[in-house]
Amino acid sequence: MSQEEDFVLLESSDGYTFVVSRKIAEASGTLKSMLDEEANFEEAKNKTCKIQQRGVILLKVIEYLAYKVQYSEFNAEDIKEDFSDRIDPYIALELLTAADFLEA
């Protein structure tokens with residue numbers, strides 16, 4: 001199985017686990033470093049990353065990473081959908097903190 005077809009687990013601090021394709025997870029600089037097999041991190045061996053964020057925040061980060069991968073080949077003018085429309089204002093600050101940490 002190639003790394004693009006590989007899946008990893010992302011675990012939130014409140015016990016939710018998400019199965020995500022490696023390609024989507026590696027759209028985050030932090031997760032890419034954690035999953036780098038040459039770096040010998042425990043996360044790379046187990047294919048599991050424990051993220052100190054609530055599940056609802058981690059889910060929104062994963063949704064953004066998928067959006068980022070999906071539109072990576074497009075010009076900004078060609079993208080009609082604005083991801084910020086999907087963000088609930090009640091979680092915006094917490095989401096910003098998580099995105100900053102994950103380099104998303």
Using a 4.5 Å cut-off on heavy atoms from C-beta on, say whether the side chain of Leu9 contacts that of Cys49.
no
Any side-chain heavy atom of Tyr16 sitting closer than 4.5 Å to one from Asp14?
yes
Spacing of [atom1] belonging to [X] relative to [atom2] belonging to [Y], to within rounding of 0.5 Å:
X	Y	atom1	atom2	result
Thr30	Asp100	OG1	CG	8.5 Å
Arg22	Phe7	CZ	CZ	11.5 Å
Thr97	Gln53	OG1	CD	7.0 Å
Leu10	Ile62	CG	CD1	4.5 Å
Ile24	Tyr64	CD1	OH	13.0 Å

Pairing residues for Lys50 by the side-chain contact (heavy atoms from CB on, under 4.5 Å) criterion, not counting sequence neighbours
Glu11
Who pairs with Ala44 by side-chain contact (heavy atoms from CB on, under 4.5 Å), at least two apart in sequence or on another chain?
Glu37
Are the side chain of Asp88 and the backbone N or O of Tyr90 linked by a donor-acceptor pair below 3.5 Å?
yes
So with a 6.0 Å cut-off around CZ of Phe18, is the heavy-atom count from everything else above 12?
yes
Lys68 NZ: over 12 foreign heavy atoms closer than 6.0 Å:
yes
Shortest non-hydrogen contact from [X] to [Y]?
X	Y	result
Ser13	Arg54	OG-N, 3.7 Å
Leu35	Ala25	CD1-CB, 4.1 Å
Ser33	Ala39	O-CB, 4.4 Å
Lys47	Asp6	NZ-OD1, 3.1 Å

Count I, L, V, M, F, W, Y as connected when their side-chain heavy atoms are under 4.5 Å apart, and connections chain through other members. Are Leu96 and Ile51 then in the same cluster?
no
Quick check on side-chain contact (heavy atoms from CB on, under 4.5 Å): which of Ile57, Val56, Leu58, Val61 does Ser12 satisfy it with?
Leu58
side-chain contact (heavy atoms from CB on, under 4.5 Å) partner of Phe41, chosen from Lys45, Glu43, Glu38
Glu43
